[in-house]
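As the structure is a computational prediction, the values presented were derived from the model and not from experiment. Remember, it's 1-based here, ligands and their atoms both numbered in the order they're listed.
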Amino acid sequence: MPKELLQIEQAPPRGDWTDATVQFRKGSFCYGATPKSASYLGLPNPRKWQPFDADWQLPSDWKQTLLAGMKERLNKYRSFRLFMDICVRCGACFDKCHFYLGSSDAKNMPALRAELLRSVYRRYFTLSGRIFGALAGGRELTEDVVKEWFYYFYQCTECRRCSVFCPYGIDTAEITMFARELLDSIGCGINWVIEPAANCFRTGNHLGIPPHAFKDSLEFAAGEVKELTGIGIEVPINRKGAEVLFVMPSADYFGEPHYYTLLGYLMLFHEIGLDYTVSAFASEGGNFGLFSSHELTKRLNAKIYEEAKRLRVKWILGGECGHMWRVLHQYMDTMNGPADFLEPPVSPITGTPFDNARSTGAVHICEFTADLLYHNRLRVDPSRNDRWNVTFHDSCNPSRAMGLLEEPRYVIKRTCRNFHEMPEDTIREKTFCCGSGAGLGTDENLEVRLRGGFPRANAVKYVKEKHGVNLLACICAIDKATLPTLMEYWVPGVEVAGVHELLGNALVMTGEKERLTDLRGEPLPGRSEQ
Ligand code: SF4
Ligand code: SF4
């Protein structure tokens with residue numbers, strides 16, 4: 001195992017934590033949003049800047065803007081005021097953040113991360129702080145504090161692991177969201193969030209893929225399915241009157257290993273004869289607005305409902321994505337809903353009503369497939385996945401934000417014969433983040449990602465050494481994009497796959513020719529090409 005990042009300084013930091021000076025060292029921060037993308041979204045203070053610049057070219061009224069923004073949110077969101085007031089510094093969350101575990105930087109302890117904002121709240125919004133200042137735990141809002149916010153609130157993946165352990169239910173992810181909104185209000189967003197969001201506005205998806213390329217990509221995938229199975233399939237696009245609108249993250253039709261997940265979906269839909277359509281307008285399930293502001297989340301999310309309405313579908317089926325599900329499950333209903341033009345989702349194959357999705361009209365693909373398998377409506381041959389020794393990474397959002405714990409496991413266990421769980425305190429609600437979510441999955445902050453992903457990787461290493469695990473399955477597009485790098489660094493020899501890739505391998509389609517390879521083109525165990 002490479003040792004460089006294991007040199008973690010465990011001694012408590014010397015000096016006063018209230019000193020806000022931050023060193024923007026290579027590998028430890030994300031680049032600032034470009035003026036082009038920020039302008040496209042109409043965000044404030046678009047300019048060419050980088051965090052390592054001495055002068056951040058903040059607007060002249062930056063301080064008033066931030067304090068007014070805090071005041072507005074304190075009045076509007078009871079949760080924000082509560083989170084600012086109630087932390088008792090019990091310490092339960094201190095060692096629960098993967099960024100703290102991987103770096104030992106005290107300001108990555110959830111309670112101290114929140115304190116960066118809370119200290120300013122105390123100084124300006126509490127009587128004791130206004131009178132006694134630092135003696136009452138207050139801090140002046142300075143440019144250095146703004147830079148410190150930027151540094152540490154972009155070293156939080158909004159994963160919510162810390163909140164599972166907080167006896168008061170303080171959700172540091174929400175505190176990070178508030179802080180990022182405030183930073184955006186003075187033009188201090190990161191490019192890895194703002195550019196995908198701008199792309200989404202322009203072309204419908206984060207990667208900026210235009211509709212004709214979206215169509216080409218899906219047709220190419222259909223060709224791959226034909227080559228593999230001998231079965232010709234159609235991928236309906238923008239078809240009005242279909243029963244179901246299928247929405248997926250754009251990486252599924254453009255990235256690897258995501259693409260194999262897409263093949264799995266398409267094979268499944270063809271096999272069960274699902275009456276569905278995809279949309280070239282809602283060609284992105286993900287929502288990078290979530291990593292910027294409530295307003296941007298809402299703007300990006302709206303297109304899914306608009307498209308469901310325009311296409312007159314009955315309900316929405318969503319693919320393997322992480323934060324997409326946080327938005328669909330927790331915010332969409334009140335943000336752009338209620339979706340009273342949709343019908344309560346019912347599986348057309350098994351008749352199962354998805355009561356949990358009644359208000360949003362959106363069903364997760366793992367719920368849908370697990371139900372099909374449970375009712376024995378799919379023929380599967382798990383031996384086709386015998387080259388894999390599988391473990392499952394609970395992606396933070398589907399697990400902690402929507403409680404999707406059993407369904408993916410059920411699909412894996414029905415389609416694979418070798419499955420091993422990672423240690424109990426690293427899975428399900430207590431899952432460790434990949435270290436690259438919430439807009440941090442870029443290259444310039446690689447050291448932060450590898451450090452933050454260390455606890456996850458360490459648990460994978462454990463099952464690799466104990467059980468010979470060689471595949472990390474997951475149901476999140478960001479995981480599929482970033483876990484391969486993490487594995488390559490910490491646990492070489494472990495690959496990454498979506499759950500519906502495993503389903504696609506195992507699925508015995510009606511009329512298929514003998515399969516000799518899996519979806520990756522690798523020989524199936526026990527079969528050889530002539
Ligand atoms: S667990 Fe909750 S109350 Fe305890 S220190 Fe952390 S945030 Fe504060
Ligand atoms: S990264 Fe996750 S565990 Fe760490 S502070 Fe943020 S929400 Fe909490």
- Polar side chain donor-acceptor pair, R456 to H98, under 3.5 angstrom: no
- Item | atom 8 (Fe) of ligand 2 neighbourhood, protein N/O/S only, threshold under 2.8 Å | C162 SG
- Message: On the six-membered ring of F419, is K413 placed so that its NZ or CZ lies under 6.0 angstrom from the centre and within 45° of the ring axis?
- Response: no
- Item | Over all atoms of both residues, closest heavy-atom pair of V193 and G439 | CG2-CA, 3.7 Å
- Query: Considering only heavy atoms from C-beta outward, does the side chain of H500 approach that of C366 to under 4.5 Å?
  - Reply: yes
- Item | Contact flag C87/atom 4 (Fe) of ligand 1, N/O/S atoms, threshold under 2.8 Å | no
- Item | Atom indices of ligand 2 within 4.0 angstrom of H98 heavy atoms, with elements | 1 (S), 2 (Fe)
- Message: Nearest 0.5 Å, please: how far is CZ in R449 from OG1 in T442?
- Response: 7.5 Å
- Are any of the heavy atoms in P167 under 4.0 Å away from ligand 1? yes
- Item | Gap separating the NZ atom of K303 from the CG atom of N336, nearest 0.5 angstrom | 11.0 Å
- Task: Could you tell me which atoms of ligand 1, counted from 1 in the order shown, lie closer than 4.0 angstrom to a heavy atom of R89?
- Result: 5 (S), 8 (Fe)
- Exercise: do E284 and S250 side chains pair donor with acceptor under 3.5 Å: yes
- Item | R409 to F392, cation-pi by 6.0 Å centre distance and 45° axis angle | no
